[in-house]
Participant: 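Let me begin by handing over the structure; questions about it come next.
Nothing fancy with the numbering, it's 1 onward along the sequence.
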Amino acid sequence: MQKLRESVPKSRAFQGAQASAGRLNVRYADASADEILRVALNALPGQIALVSSFGADSAVLLHLLAQIDRDVPVLMLETQMLFAETLQYQRDLSAHLGLRDVRLLTPDPDLPEDLHQRDSKMCCALRKVAPLERVLDDFAGSISGRKRFQTGQRAQMPIFETDHAGRLRVNPLAAWTPAMLSQYLDAHELPRHPLVARGYPSIGCAPCTQPASAADPRAGRWANEAREECGIHFAPDGRVIRRKAG
Ligand code: SF4
């Protein structure tokens, strides 16, 4: 690992972030997820956060992180519309892995509860994109658990890229397959999100997530809309009642 550390570009090299991402993709094309994670953390020490949904396979990337540094900030979008099971899983998994800096990002509390029915894109923009943007302003980069197999839009996703604000974004699991994820979860005896066993292979906000087949996991997300993404990765009254999966 020492050799890898010595060859890691330091923070100032990321001023030309896009070019740097390109070079990193070449240099670390065959690196493992663990190596990629270490490259990212060493390149932007104290300036990078991991964004996690604490969803169906989030335990993989969070476990990889916990083996390296449990103090790295982990950002979770608490949209106020999540399944109660997801919030419990976040608490349980964080404790299991010993994560010491998990931050729940919440939206404006006055957003109407039925906004997702009236304008789902606006709902995602206000419950997800805006809270994340506010926090990422304090960081020079982020780490995501996205995989190429998940959607057509992610099929060509590089390992290192830049977001719309010029921050480095790192996708250590880009090339992972469902079988690799499952094997990793089993090998490390990681706790599973309780809704996976109940037919939810991909888990987001409760009103916008339905059970789906394992063969097409994202089919249960925004099932009645021609959408694959919430908007985070591209670039207002009502009491919120937590829904449990039926
Ligand atoms: S996934 Fe649904 S409930 Fe969640 S922020 Fe987007 S539209 Fe709103």
Side-chain angles (χ1 to χ4, degrees), residues 1-11 13-14 17-18 20-77 93-94 96-103 132 136 139-151 153-163 167-188 190 193 202 217-218 229 232-234:
M1 202 61 239
Q2 187 61 34
K3 184 165 181 264
L4 188 63
R5 281 211 177 93
E6 288 168 355
S7 66
V8 171
K10 297 304 179 189
S11 301
F14 284 89
Q18 210 158 15
S20 296
R23 288 193 293 272
L24 289 168
N25 280 319
V26 172
R27 185 177 300 182
Y28 299 107
D30 299 321
S32 68
D34 172 77
E35 290 170 327
I36 293 164
L37 204 43
R38 290 176 189 273
V39 167
L41 297 174
N42 287 342
L44 298 173
Q47 301 174 70
I48 194 164
L50 187 151
V51 182
S52 179
S53 66
F54 284 83
D57 50 39
S58 297
V60 172
L61 187 57
L62 292 170
H63 180 263
L64 284 163
L65 178 71
Q67 308 315 300
I68 303 170
D69 187 348
R70 293 175 178 164
D71 289 315
V72 171
V74 174
L75 312 179
M76 178 196 194
L77 287 161
L93 184 60
S94 297
H96 180 80
L97 297 175
L99 300 172
R100 290 190 279 257
D101 192 2
V102 178
R103 307 178 190 182
L132 184 60
L136 284 182
F139 293 94
S142 65
I143 301 163
S144 98
R146 294 176 301 153
K147 277 76 65 178
R148 292 181 186 129
F149 75 81
Q150 289 175 312
T151 70
Q153 292 176 337
R154 298 181 186 180
Q156 305 298 322
M157 181 176 65
I159 295 170
F160 296 94
E161 59 184 344
T162 52
D163 66 15
R167 292 177 292 251
L168 180 70
R169 186 164 54 203
V170 186
N171 309 300
L173 304 181
W176 281 45
T177 65
M180 293 167 70
L181 295 165
S182 183
Q183 286 164 9
Y184 190 97
L185 291 167
D186 289 343
H188 297 279
L190 294 171
H193 193 300
S202 178
R218 298 282 293 189
E229 302 282 357
I232 295 172
H233 306 295
F234 295 98

Participant: Would you name the heavy atoms of Val72 and Ala49 that are closest together and state the gap between them?
Facilitator: CG1-CA, 4.5 Å
Participant: Within this structure, what is the CZ-OG distance for the pair Arg146 and Ser53, rounded to the nearest 0.5 Å?
Facilitator: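 Going from CZ on Arg146 over to OG on Ser53, the span is 12.0 Å.
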Participant: Ile68 and Asp34: side-chain contact (heavy atoms from CB on, under 4.5 Å), yes or no, with the steps?
Facilitator: CA-CA 9 Å; Ile68 303 170; Asp34 172 77; 3.7 Å; yes
Participant: Could you point out which residue of Leu41, Val60, Leu97 forms a side-chain contact (heavy atoms from CB on, under 4.5 Å) with Leu65?
Facilitator: Leu41
Participant: Give a yes or no on whether the backbone of Ser182 and the side-chain of Asp57 come within a donor-acceptor separation of less than 3.5 Å.
Facilitator: no
Participant: Quick one, Arg169 with Ser142, criterion side-chain contact (heavy atoms from CB on, under 4.5 Å). Give me CA distance, side-chain angles, the key distance, then yes/no.
Facilitator: CA-CA 5 Å; Arg169 186 164 54 203; Ser142 65; 3.6 Å; yes
Participant: Mind running side-chain contact (heavy atoms from CB on, under 4.5 Å) on Ile36 and Ile143 for me, showing each step along the way?
Facilitator: CA-CA 10 Å; Ile36 293 164; Ile143 301 163; over 6 Å; no
Participant: Report yes if some heavy atom in the side chain of Leu62 is under 4.5 Å from a heavy atom in the side chain of Leu190; otherwise report no.
Facilitator: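 Counting from C-beta outward, Leu62 and Leu190 never come under 4.5 Å.
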Participant: Specify the closest pair of heavy atoms between Lys147 and Gly145, including all atoms of both residues, with the distance to one decimal.
Facilitator: NZ-O, 2.6 Å
Participant: To the nearest 0.5 Å, tell me how far Glu161 CD sits from Asn25 CG.
Facilitator: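 One gets 8.5 Å once the value is rounded to the nearest 0.5 Å.
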Participant: Is there a donor-acceptor pair closer than 3.5 Å between any side-chain N or O of Gln47 and the backbone N or O of Leu44?
Facilitator: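 Such a contact is absent between Gln47 side chain and Leu44 backbone.
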Participant: Starting at CG of Leu168, measure out to OG1 of Thr162 and round the result to the nearest 0.5 Å.
Facilitator: 8.0 Å
Participant: Heavy atoms, side chains only, cut-off 4.5 Å: are Leu99 and Leu93 in contact?
Facilitator: no
Participant: Does any non-hydrogen side-chain atom of Leu61 lie less than 4.5 Å from one of Pro172?
Facilitator: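 They are in contact (side-chain heavy atoms under 4.5 Å apart), so the answer is yes.
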Participant: What are the two closest non-hydrogen atoms of Arg148 and Ala175, and how far apart are they?
Facilitator: NH1-CB, 3.6 Å
Participant: Write down the atom of Arg103, the atom of Phe139, and the distance for their closest heavy-atom approach.
Facilitator: NH1-CZ, 3.8 Å
Participant: For His193 and Phe54, which heavy atoms make the closest approach, and how far apart are they?
Facilitator: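 The pair with the smallest heavy-atom distance is CD2-O, 3.3 Å.
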Participant: Do Asn171 and Arg154 have side-chain heavy atoms sitting under 4.5 Å apart?
Facilitator: no
Participant: Given side-chain contact (heavy atoms from CB on, under 4.5 Å), test Leu173 with Leu64 step by step and report yes or no.
Facilitator: CA-CA 10 Å; Leu173 304 181; Leu64 284 163; 4.1 Å; yes
Participant: On a heavy-atom basis, which atom in Ala29 and which in Ile159 lie closest, and how many Å separate them?
Facilitator: O-CD1, 4.4 Å
Participant: Between Tyr28 and Phe160, what is the ring plane arrangement, given parallel below 30°, perpendicular above 60°, and tilted in between?
Facilitator: tilted
Participant: Out of curiosity, His63 NE2 to His96 NE2, how far, rounded to the nearest 0.5 Å?
Facilitator: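 Going from NE2 on His63 over to NE2 on His96, the span is 6.5 Å.
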Participant: With rounding to the nearest 0.5 Å, note down the distance linking CD1 in Ile48 to CG in Asp69.
Facilitator: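 Result: 11.5 Å between the selected atoms.
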Participant: Tell me, do Thr177 and Met180 make a side-chain contact under 4.5 Å, heavy atoms counted?
Facilitator: yes
Participant: Is there a side-chain contact between Asp71 and Asp101 (heavy atoms, below 4.5 Å)?
Facilitator: no
